[in-house]
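Any value given below was found using the heavy atoms of this structure, including those in side chains, with hydrogens, waters and symmetry copies removed. Residue numbering restarts at 1 for every chain, and letters A, B, ... go by the order of the sequence lines.
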Protein chains: 2
Amino acid sequence: MSKIVKTGRTPTSEDVARLAGVSRSAVSRTFTDGASVSPKTREKVMRAADVLGYRVNFLARSLSQQRTRLIGLVVSDMDHSLRGSLVDRLARGLVALDYRPFLLPTNPGDDVGHLIDMMLHYNVSGAIVTSDTPPSQIADACVAHDVPLVLVNKAEVGGKVINVSMDSRKAGRMGAEVLYDAGCRSVAIASQRRASHTIGLRKKAFTAACADLGIEIVGDFQGAIQDYAGGVEAAEAFLASGLAPDAAYCVNDYLALGFLDHIRYTAHMDVPGDLKVAACDDIAEAGWQSYDLTTVRQDPSAIAGAAITALINRIDDPDLPVPPIFIDVALVERNSTRAAPSSL
Amino acid sequence: MSKIVKTGRTPTSEDVARLAGVSRSAVSRTFTDGASVSPKTREKVMRAADVLGYRVNFLARSLSQQRTRLIGLVVSDMDHSLRGSLVDRLARGLVALDYRPFLLPTNPGDDVGHLIDMMLHYNVSGAIVTSDTPPSQIADACVAHDVPLVLVNKAEVGGKVINVSMDSRKAGRMGAEVLYDAGCRSVAIASQRRASHTIGLRKKAFTAACADLGIEIVGDFQGAIQDYAGGVEAAEAFLASGLAPDAAYCVNDYLALGFLDHIRYTAHMDVPGDLKVAACDDIAEAGWQSYDLTTVRQDPSAIAGAAITALINRIDDPDLPVPPIFIDVALVERNSTRAAPSSL
DNA sequence: CAGCATTTTGCACGCGCGTGCAACGTAGTG
DNA sequence: CACTACGTTGCACGCGCGTGCAAAATGCTG
C-alpha cells in the first residue's frame, strides 16, 4: 500500500508501461497467469502499477481473450431461504474460482426471453438456472448458442445440459419410512397444484415407498403454490374431507408449516398426537420450536458446489459428458413424528 | 422469428453490414438509441441481423462507450427473507432500466477488499450495498474512484454517498406506541450485541418514545446476532433476570420469533396474556399463525425503488446532491399485543 | 432545373487489452 | 571465442463496437 497518485483518468496498461519504462506487452504479461516475464521487469511493473493504482480492465480483457468468465445466475423466488442460501453459495463459490456471477432475476410467469438475451449480449461463459419456471426455453437457447448450462433441481433435460439435483427419490422414500417407523399406516399427502419437477419426483417416490411398506394413501390435498398459504389451503381441503389418517406428508417445508398451523389452530388437532407430519427441505423454520418438524434436508452448499464443479468442467472441456448428479439428503427427525406423543 | 443461419462464429456487426450491404456504422447506429438512420437502411439491417441472429456485444460496447451500465450489488445474509426480497427487487428494477446487476456476495467477517477490487476491475457504473458488514471500506473506495454508491439501511456516511433506509426512528416510536396503547407500562428490550446501524436507531427511538410515554424499560437482553438463535439467547437472559414487565420489544422479527418460542415453550408463558411482544420488519413468518406477531413493516420494494432512482440520478448527474432518503414504515398489529388476551 | 438546408452515410480512429511472431539478450557448451 | 538453445521483449494486429467528421444523398424552395 504505497501512496497512490491521483489522476483524472483511470490508468491503463500503457500508463504503467511508460512509468515502468517497459512495453505494454510486459505489463500485460505481468498480470497474466502463466505468461513469461523476467523477475526484474515484473518488479518494475508491479511498482509502477502500485503507484498509479492500476487494475486490469476486465471488459477489455474479456473482449480480447474471447471469454468473459461471467456466469449467468437465473434465479426465482429469492425470498425463499433455501434459494437465498443457494444463490449465496453459488456466488461465493464462483467468485472464489475467479468467475463472476451475473444475476438474472425471474419470477414465475415472467418472460425469460429477456434474460436469455442479456446472457447472450454478455457472452457469458456459462449459466446456472435455479428457478421455479420451466427452463426449457433457457435450455434450448443455451444449447443453441453453446453456452454451458447447469440446471439445479429441475427436470432432466437431455443433451448437453447438466443436471444437479437433490436426491428427490431418496428424500421421498425417507419421508415414507420415517412415518412407517412412527407407526403410521395411513397418510394424507399435502402438495401443490403447480408442482415443479423435484416436487413431482418426491411425491412419486413417496407414493411408491408407501406401496412397498403397506401405507395407505387416503388422498392428495393441494394448495396453489409451495408456500405457507399453499399449506393452509391444503389443510382446509384435508379438514373438509373428514378423513382421519395417521399422518400427513407435505411435499415441502413451507407447505408443511402452513398445514401444521392450520390444523392446529383451526381444527385444534395435536401434532404429533392426532396426526404426525413429515416434509422435505429442512429450511431453518422447520427447526423452530413452534414447528419442530421432521423433514429431509437438502444441502444448498453441496448442491452449489457440485453445480459449480460440473459447470467449470464443462467450460474447460465442452465435450466432456456429465451425467446427472444427485446430492445426498439426510433425515432430520424432530417432534412432529414422535412415536409416543402425549403418553407422559 | 425468421430462420436463423447457423454459423461457427457469433456474428458481428461487420457480418450484418456485409449481408445488408451497408457500412458497419449503419449497423451500429441501428442498434443505438437516438442515432440517426434512415428507415430503409434500418429495415435492411434489422432483416440481416435477424437472419444471422446478431446481438450487440455489450462488452465491446461498454469498452467503447466508457460506461458499463453494470451495478455492483454487495449483499450479505441472503438467506434472510428480507434480503432476498430486496435483492430480487433491486435486480429486477435495474434490469428493467437497462442496467445489469453484478452480484457480490459477502458475509459478516469477510474481507470486502476483494469485492471492491472486482467492482473496479469491471468499471461498474454504480454500486448498491446492503450488507450487515460495516461498509466504510467500500464507501471510501467508491468515493475515491468516483463510483456512485447507495447504502441501504446503513450508517449515514457523509459526502458523496447516498443513503436509503427505512424510517427507523418512526419504526421504533411506533413499537413503543402500540405497546402503550395495549396498556403496557414496563417493557424489556431484546436486542443483539453486534447491532447494525438501523437496529441502533430503532432501539434509540424506541427508548426515547418510552421515556415520552412513561413506559419503564426494565432491561436490555441480548443475543449474539439478529437471528432466531439470538432471540432464544435473549429470552434465556430475560427469564434468568426474573423480571416481569408487561411487554417485550424485539429489535427485529427473527429475534422476536426465537424469543417468543423460548418464553412460550420453556417458560410456558402466554403471549399476549403474560407478556405482549412487538418487533420490527414484518418478515413473512411474523404473520404465520404460530406467531401472529405485531411488528412494523419495512417495504423492500419501496426501498429498492428509491435506491435505484437515487443511484441513477447520481449516475446521470454526479454532482447532484442527494439527501438521505427515509422510506415510510407501517404498523402491522397482530395478536401478540392484543389488549384482552385470554378474557374469553 | 439550380441552389440550398438537412439528413444520411462511410471512413477512420479509439476504447484497453492479449498474443503470435520475430528480434533480442543471455547463458551454457564445446 | 564461436555456436546454440532458450527465456524475454517489443511490435503489430485483432477483439467488437461507438462516434466525430466530412462527403454524399436527399428533400425543399424558388
How far apart are the closest heavy atoms of A:Leu311 and A:Ala127, and which atoms are they?
-> CD1-O, 4.0 Å
Without swapping roles, check the side chain of B:Arg69 against the backbone of B:Asp98 for a donor-acceptor pair under 3.5 Å.
-> yes
Would you say B:Arg18's side chain and B:Arg24's backbone share a donor-acceptor pair under 3.5 angstrom?
-> no
Quick one: label B:Ser28 by what it contacts on the DNA or RNA (base, sugar-phosphate, nothing), any heavy atom closer than 4.0 Å.
-> base
For residues 104-114 of chain B, which side-chain N or O atoms pair as donor and acceptor with protein atoms under 3.5 Å away, sequence neighbours left out?
from: B:Asn107; atom 1: OD1; to: B:Asp77; atom 2: N; distance (Å): 3.4
from: B:Asp110; atom 1: OD2; to: A:Arg92; atom 2: NH1; distance (Å): 3.1
from: B:Asp110; atom 1: OD2; to: A:Arg92; atom 2: NH2; distance (Å): 3.2
from: B:Asp110; atom 1: OD2; to: B:Asn107; atom 2: N; distance (Å): 3.1
from: B:Asp111; atom 1: OD1; to: B:Gly113; atom 2: N; distance (Å): 3.1

Residues, nucleotides or ligands: over 12 heavy atoms within 6.0 Å of A:Met46 CE | no
So what does the secondary structure string of DNA chain C come out as, 5' to 3', with Watson-Crick or wobble pairs under 3.5 angstrom, [ ] for crossing and | for pairs with another strand?
-> ||||||||||||||||||||||||||||||
Taking the side chain as every heavy atom from C-beta outward, state whether A:Ile303 and A:Val152 have any atom pair closer than 4.5 Å.
-> yes
Can you check whether B:Ala17's main-chain N or O pairs, donor with acceptor, with B:Lys44's side chain at less than 3.5 Å?
-> no
What do the steps show when you test B:Phe31 against B:Arg55 for side chain to side chain contact (heavy atoms under 4.5 Å, CB included), and what is the final call?
-> CA-CA 9 Å; B:Phe31 289 99; B:Arg55 283 177 177 80; over 6 Å; no
Just grab all the side chain to side chain donor-acceptor pair (under 3.5 Å) pairs involving residues 299-325 of chain A, residues at least two apart or on different chains.
-> A:Arg89-A:Ser301
Looking for any heavy atom pair under 4.0 Å, which part of the strands does B:Tyr54 touch: base, sugar-phosphate only, or nothing?
-> sugar-phosphate
Which two nucleotides bound the region of DNA chain C that has atoms under 4.0 Å from heavy atoms of chain B, read 5' to 3'?
-> C:dT8 to C:dG16
Counting any heavy atom closer than 4.0 Å, what does B:Ser25 reach on the DNA or RNA strands: base, sugar-phosphate only, or nothing?
-> base
Could you label the plane-to-plane angle of the B:Phe58 and A:Tyr122 rings as parallel, tilted or perpendicular, counting under 30° as parallel and over 60° as perpendicular?
-> perpendicular
For B:Val56, report the nucleic acid contact type (base, sugar-phosphate, nothing); a contact means any heavy atom under 4.0 Å.
-> sugar-phosphate
Is there a residue in residues 62-70 of chain B whose heavy atoms reach under 4.0 Å of DNA chain D, and which residues are they?
-> B:Ser64, B:Gln65
In numerical order, the residues of residues 31-41 of chain B whose heavy atoms come under 4.0 Å of DNA chain C are B:Ser36, B:Val37, B:Ser38, B:Thr41
Give a yes-or-no answer on whether the side chains of B:Thr41 and B:Ser38 include a donor-acceptor pair shorter than 3.5 Å.
-> yes
Nearest heavy-atom neighbours spanning B:Val37 and B:Ala26 | CG1-O, 4.4 Å
With no hydrogens and no angle check, do the side chains of B:Thr130 and B:Arg83 hold a donor and an acceptor under 3.5 Å apart?
-> yes
Closest to the 5' end of DNA chain C, once B:Arg29 and A:Asn57 are matched to their nearest nucleotides, is B:Arg29
